[in-house]
Structures are given as C-alpha cells and as structure tokens.
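Here's the structure we're looking at; comments come further down.
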Amino acid sequence: MPESVPAGLLAQGSFDGVAATAEGPPLAFTSRAAPGIDVGQAWDLTAGLAVGPPFAGFPAERAEWAFGFPAGSPIVTWTHRDRVHVHDLGTGHELSLEGQPELLGLALHDGRAAVVAVFGPANDAEAVVWDARTGDRLTEFPLWLGHQTAIDRWILHATPATGALIGLPGDSALSLLDVERGEEIAAFPPDYAVLTPTPDGLVIVQPGESALRVHGLDGERLTDLTAPGPCDQVAAALAGGRLLVAAVLRDDPSTVLAWDAANPAPSHRIKIPAGVNDLALAPDGTLLTATDEGLYETGLSP
C-alpha cells in the first residue's frame, strides 16, 4: 500500500497552473487568478517563499506560458496583448516580442537559451525560435500537427536536459522535434505526456488505463508504473538520482499518486483539499499542486 502523506498549504488563492525547474535550484512559477487580473509568481521552494513582485496580466492557460532553467538563469515567458514577454528571473532582464502564439516553450539553440513559439492553425502551423536574451530570430520552420483548428495542451520541455528537443502534441501523435534542425526525430501516441531526464537519459511518461508508460526516445518501453485506475495529469522529475513520477487519478481529482520509478507500485498517496488543476515536481522532490483553493506542496524526496 502506498504511504499516505499530507499536503501542506504554500499559498492561498485560486491557482490555475504550476511549473518547476527540471535542474538547478528548486524554483517554481505559478499562474493565479487575482481580483481584476490574473498574475504570475515565482517561488523559491527551499525557502517556501514567493520571489519578487507578481507579474500582472499573466495568462491562466498553460499553453500561453512556460518556465524553466535553460542556460544559467531561470526564465519565464508568456503572452499578453499580442506580445511575447521573456523575463530572466536571475538578472531581471526582460524583452518583448511581437506575436500571439498558441504555444510557448523553452529550449537550447546552439547553447543559447531560446523561446519556442508555435503559431497555428494546427494544419498549417509554424514554429519560431528566438534568442531568449536578445530577441534575435534564430530559426523558423513549418509544422503539421493535424486537422484541428486549435492547438491543444502545451510544449513539453525539461531544460537544460532536453537541450534543443521539445515535444509537440498533435491529432494523431506526440512529435519530438529538434528545433535546431527543424525536424521531427520521434513520434509517440498522442496521449497527455511529460518529457523528463532520468539517470539513463530523457524519457517520455504517458498515462494509460491502469498504468503510466515510460518510454525511451527510441520508443522502447522501459517500465510500466501501475495505478488503480486511469490518470489524467502527470508530472516527473529527476530527484536524488532517481526518477519520481506523480499523477492525478481521473475519477478522484483531489488524489495524487507518486512513484519512485525503480518500483512499479506507487510509493505515496497524497490527498489534496481540492481538485488539482495542475501539478509539477521539482528537482529536490517537492510536489506542487495548483487548485482553486490554494497552492500545496509535499516532500517526496527518495
């Protein structure tokens, strides 16, 4: 039986989304509904405190913002009023670029921190890659993601481990793209997924009906993590040299299961006081859950 562990309240409020760094210091970023306007906020998970003032006019949709640690400093990028904003949380440097993409992500391009923007519609999409510090356009290339008129979900990345690679959801497949080469290098089933580093390299984690499937980038099934039922949302992180995975039960959206991927059975069961809108795992093993009643944290370090 998985161990039941409590979820501690980090902050009150209505939180729509949360993301955490995949490597480096355990930092997070959240989107939250506030009176009159939504806001974004950075968090130092070691101190358990918000970092700096909130960003007003921040989008609630996770497709419209991205956070990570691509190259030397944490970066958040978001869309607002037909502009793409890029803010370096380490230096305070911010730039603004023209455009209103459907999806935003982060990557490395020739070793430089880069913003990846995907403009729709899905059947005639285009990816544009900018230098995250200078705003220089580094490359652009066409994409075909299906026949839908809108692009759903968000870009998968786990910088800096993912380097120039990103995951893009489409109608019939999840495409893994190299943004330096502008081409697809692998394709996976179109289910919800996360891309994460492990001690043996990058993997894709996807939920199934009664298990979470862990694939290598060559498509090889590495392991199955068993679950009592279907899971919808998934988060994963390399913490303490081990792959940790967390997922929300579809039929019980206030319950999160967690696994040490070395064992197929869940190791922890976390009951959240409200339904989970989004979740993230930080490199120190902190599980973050965003809900309409607050932002919660749970330590899962192996």
[X]: partners by side-chain hydrogen bond (donor to acceptor under 3.5 Å, both in side chains), with sequence neighbours left out:
| X | answer |
| --- | --- |
| Arg221 | Asp224 |
| Asp232 | Arg250 |
| Trp43 | Thr30 |
| Ser175 | Glu184 |

Atom CD of residue position Gln12 - does it have more than 12 heavy atoms of other residues, nucleotides or ligands inside 6.0 Å?
no
Does any N or O in the side chain of [X] come within less than 3.5 Å of the main-chain N or O of [Y], such that one atom is a donor and the other an acceptor?
| X | Y | value |
| --- | --- | --- |
| Gln206 | Leu212 | no |
| Ser267 | Ala258 | yes |
| Ser14 | Ala33 | no |
| Glu180 | Ala164 | no |
| Ser254 | Ala274 | no |
| Glu140 | Val128 | no |
| Thr79 | Gln100 | no |
| Glu297 | Thr289 | no |
| His80 | Gly57 | yes |

Give me the other members of the hydrophobic cluster that Trp144 sits in, counting Ile, Leu, Val, Met, Phe, Trp and Tyr linked by side-chain heavy atoms under 4.5 Å, directly or via other members.
none
For Val39, the other hydrophobic cluster members (4.5 Å side-chain criterion, sorted by chain and number) are none
What pair of heavy atoms forms the shortest contact from [X] to [Y], and how long is it?
| X | Y | answer |
| --- | --- | --- |
| Pro70 | Leu106 | CD-CD1, 4.4 Å |
| Thr21 | Gly68 | CG2-C, 4.4 Å |
| Phe119 | Ala117 | CE1-CB, 3.8 Å |
| Ala247 | Leu279 | N-CD1, 4.3 Å |
| Leu108 | Ala71 | CD2-CB, 3.8 Å |
| Pro228 | Leu249 | CG-CD2, 4.1 Å |

Would you list the pairs meeting salt bridge (charged side-chain N to carboxylate O under 4.0 Å, His left out) in which at least one residue belongs to residues 107-132, sequence neighbours left out?
Arg112-Asp131
Strictly by salt bridge (charged side-chain N to carboxylate O under 4.0 Å, His left out), give each pair with a member in residues 24-44 just once, sequence neighbours left out.
none
Would you check, one step at a time, whether the test side-chain contact (heavy atoms from CB on, under 4.5 Å) holds for Trp130 with Val84?
CA-CA 10 Å; Trp130 289 292; Val84 175; 4.3 Å; yes
Checking Phe58 now: which residues fulfil ring pair (Phe, Tyr, Trp, His ring centres under 6.0 Å) with it, not counting sequence neighbours?
Phe29, Trp65, Trp78
Among residues at least two apart in sequence or on other chains, which ones pass ring pair (Phe, Tyr, Trp, His ring centres under 6.0 Å) with His87?
Phe55
Contact between [X] and [Y] at the side-chain level, heavy atoms closer than 4.5 Å - yes or no?
| X | Y | answer |
| --- | --- | --- |
| Asp178 | Leu165 | yes |
| Pro283 | Glu23 | no |
| Pro26 | Thr286 | no |

Qualifying residues under salt bridge (Lys or Arg N to Asp or Glu O under 4.0 Å), relative to Asp88, sequence neighbours excluded
Arg133
How long is the span from the [atom1] atom in [X] to the [atom2] atom in [Y], to the nearest 0.5 Å?
| X | Y | atom1 | atom2 | answer |
| --- | --- | --- | --- | --- |
| Ser4 | His268 | OG | NE2 | 9.5 Å |
| His215 | Leu222 | NE2 | CG | 8.5 Å |
| Trp259 | Thr226 | CH2 | OG1 | 7.5 Å |
| Leu176 | Ile166 | CG | CD1 | 8.5 Å |
| Leu168 | His157 | CG | NE2 | 11.0 Å |
| Leu104 | Ile155 | CG | CD1 | 6.5 Å |

Does [X] belong to the same Ile/Leu/Val/Met/Phe/Trp/Tyr cluster as [Y], with side-chain heavy atoms less than 4.5 Å apart forming each link?
| X | Y | answer |
| --- | --- | --- |
| Phe67 | Leu195 | no |
| Leu177 | Leu145 | yes |
| Val194 | Leu238 | no |
| Leu287 | Val5 | yes |
| Leu281 | Leu288 | no |

How far apart are the C-alpha atoms of Asp252 and Lys271, what are their side-chain angles, what is the distance that settles it, and do they pass the side-chain contact (heavy atoms from CB on, under 4.5 Å) test?
CA-CA 10 Å; Asp252 186 2; Lys271 190 67 177 178; 3.3 Å; yes
Evaluate the criterion side-chain contact (heavy atoms from CB on, under 4.5 Å) for residue pair Leu217 and Val203; output intermediate values, then yes/no.
CA-CA 6 Å; Leu217 298 191; Val203 299; over 6 Å; no
What pairs of residues pass the side-chain hydrogen bond (donor to acceptor under 3.5 Å, both in side chains) test when at least one of them lies in residues 191-202, not counting sequence neighbours?
Asp191-Arg213
Report the C-alpha separation of Leu89 and Val51 in whole Å, then their side-chain angles, then the decisive distance to 0.1 Å, and conclude whether the side-chain contact (heavy atoms from CB on, under 4.5 Å) test is met.
CA-CA 9 Å; Leu89 296 171; Val51 178; over 6 Å; no
